[in-house]
Protein chains: 2
Amino acid sequence: MVTKTTIAPRDRLKTEQTILDAIGRLILRDGLAGVGVNALAREAGIDKVLIYRYFGDLDGVYEAFAERGDFWWQVEDMLAATAEAPDLPNALKLGMRFHAREMRRRPVTLSVMAAETTNRTPLTIALETVREKRSLDLFEQMAARYPDNRAIDIPALTGLLGAAIDYLAIRSRSIKRYGGVDVGSHAGWERLFKTIDLMIDGTFADACP
Amino acid sequence: MVTKTTIAPRDRLKTEQTILDAIGRLILRDGLAGVGVNALAREAGIDKVLIYRYFGDLDGVYEAFAERGDFWWQVEDMLAATAEAPDLPNALKLGMRFHAREMRRRPVTLSVMAAETTNRTPLTIALETVREKRSLDLFEQMAARYPDNRAIDIPALTGLLGAAIDYLAIRSRSIKRYGGVDVGSHAGWERLFKTIDLMIDGTFADACP
DNA sequence: CGTTTTTGTCACCATGTGGTGACAATTAGG
DNA sequence: CCTAATTGTCACCACATGGTGACAAAAACG
């Protein structure tokens, strides 16, 4: 019985996509540090020389991967998520919830951000750039929407809460509890959000006796 | 002229210490990921076979390094730093300042915690263990000192602020600004502390109109 | 058809890695 | 002083890494 082994047609674009898919899986499974030319070729099931031919370099793969990746929320989505807030504090509360949800939804982003704490590769740099740009955009839009900045250090406030959310999201990949809070469950994060709400409200309501 | 090249006396304990010193420098310079048997032997200026003989394994070096390392604050020091606080919120404020100062004072700890986000080695595990134990100790002591826990989720509050401080301290090794705040300078951190104070005070004073 | 370019396969290189065995130099013990 | 254990040096192994050149199979093009 002659099984006509169907030969895959030669297609450069398809091969490139195969490589980009593979690097996503690789980052997810072994982290950014586990990515190498040999490992990537093995994971993609192609010859490593094709990586050099099509992307020139491993960094070239990173750049291509960064371009077509959905690593961060869009500013318009953040604005929509906070649209129904009557004032700045409530917008911040909704924004923090949105940010946390979007982060936890992107495990590859979390993996890259984890690597960001130790190394600085083209991928982390690309992600950093996107993040800074979107944050700046958001700040402008928010300032226009809520002109009354009540002498509160908004950058410090959002920086602190954002850092906390980022770090807890990153660490939740490998640990379940952080300082007595279950960062692996929906309930645990709801608990955090309630406290965040309290902190934000309290900060804005400092004119109390 | 015959220079009598003084031969270093053979001393196992001294060699072990040389290795442990070298691994500290190595972690500081290249991060935990940059540590290998060959690199360590090179840095220490000894033969790598001695590493295997004296510590059995690279993990053995990690364990020995973890044992004689000063990676975290002592509970008694934290208690002393917050002793003059009249109530829980003020104790928390002082505690956060103390924690941040002690963290930023230990670059090796920051390096290990950065690696902790991606890998899990005997060193990171050892550090994790110490941290959990001290935190638990502190919680007990604090609960005894301030019995009035006003229906506030203290673990969530300290977890969030602690996570923010940890992450900002870790990232401050490689970046200068985080979301509009200068995390590389004393002034930047003072700005963060002021906001943290506001957040804590506000959280505890939620009984406002 | 024939020719040229592209796609993919394979063998190979130098180098770095973790790890081990043999052996000389130096101690310590009797 | 002689012997036995310890400390340190060196050569070596198998393997994985990043990277390159040669070459056959397939397309594209005239």
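The basis for the numbers below is simple: all heavy atoms, side chains too, and nothing from hydrogens, waters or symmetry mates. Throughout, protein chains are lettered first and strands after them, A, B, ... in sequence-line order, and every chain is numbered starting at 1.
D:dT6 atom P lies 14 Å from atom CD of B:Glu16, rounded to whole Å. A straight line from CG of A:Leu40 to P of D:dT17 spans 12 Å, rounded to a whole angstrom. Between the CG atom of B:Asp47 and the P atom of C:dA25 there is a distance of 16 Å, given to the nearest Å. One can place CD1 of B:Ile51 at 15 Å from C1' of D:dT7, the figure rounded to the nearest angstrom. Between the P atom of D:dT7 and the CZ atom of B:Arg10 lies a distance of 10 Å, rounded to the nearest Å. Taking atom CG of B:Asp30 as the reference point, atom P of C:dT17 lies 11 Å away to the nearest angstrom. A:Phe55 has its CZ atom 11 Å from the P atom of C:dG8, to the nearest Å. Distance, B:Leu58 CG to C:dG16 C1': 15 Å, rounded to whole Å.
Closest to the side chain of B:Tyr52, from the set C:dG19, C:dC10, D:dT9, is C:dG19. Comparing C:dT9, C:dT20, C:dT17 by their nearest atom to the side chain of A:Leu50 picks out C:dT9. The nucleotide whose nearest atom lies closest to any side-chain atom of B:Thr15 is, among C:dG8, D:dG8, D:dT17, D:dG8. Distances from the side chain of A:Val49 to the nucleotides D:dG21, D:dA26, D:dG19 place D:dG21 closest. When distances are taken from the side chain of A:Arg12 to each of C:dT7, D:dT7, C:dG21, the shortest belongs to C:dT7.
Ion pair A:Arg191/A:Asp182 not flagged as a salt bridge, since none of the NZ, NE, NH1 or NH2 atoms sits closer than 4.0 Å to an Asp/Glu carboxylate oxygen. The pair A:Arg106-A:Glu102 counts as a salt bridge, with a side-chain nitrogen and a carboxylate oxygen less than 4.0 angstrom apart. A:Arg68 has no carboxylate O lying under 4.0 Å from a charged side-chain N of A:Glu16, or vice versa, which leaves the two without a salt bridge.
The 5' end of DNA chain D is approached more closely, in terms of each residue's nearest nucleotide, by B:Asp11 than by the other of B:Lys48 and B:Asp11. Take the nearest nucleotide of DNA chain D for B:Arg53 and for A:Val35: the residue whose nucleotide is more 5' is B:Arg53.
The phosphate of C:dT17 (OP1 or OP2) has a side-chain N or O of B:Arg42 nearer than 4.0 angstrom. The phosphate of C:dT6 (OP1 or OP2) has no side-chain N or O of A:Tyr54 nearer than 4.0 angstrom. Not one side-chain nitrogen or oxygen of B:Asn38 sits closer than 4.0 Å to the OP1 or OP2 atom of C:dG16.
Ring geometry, B:His99 versus B:Trp72: the interplanar angle falls from 30° to 60°, so the pair is classed tilted.
Remark: the backbone N or O of B:Trp73 is paired with a side-chain donor or acceptor of B:Arg134 at under 3.5 angstrom.
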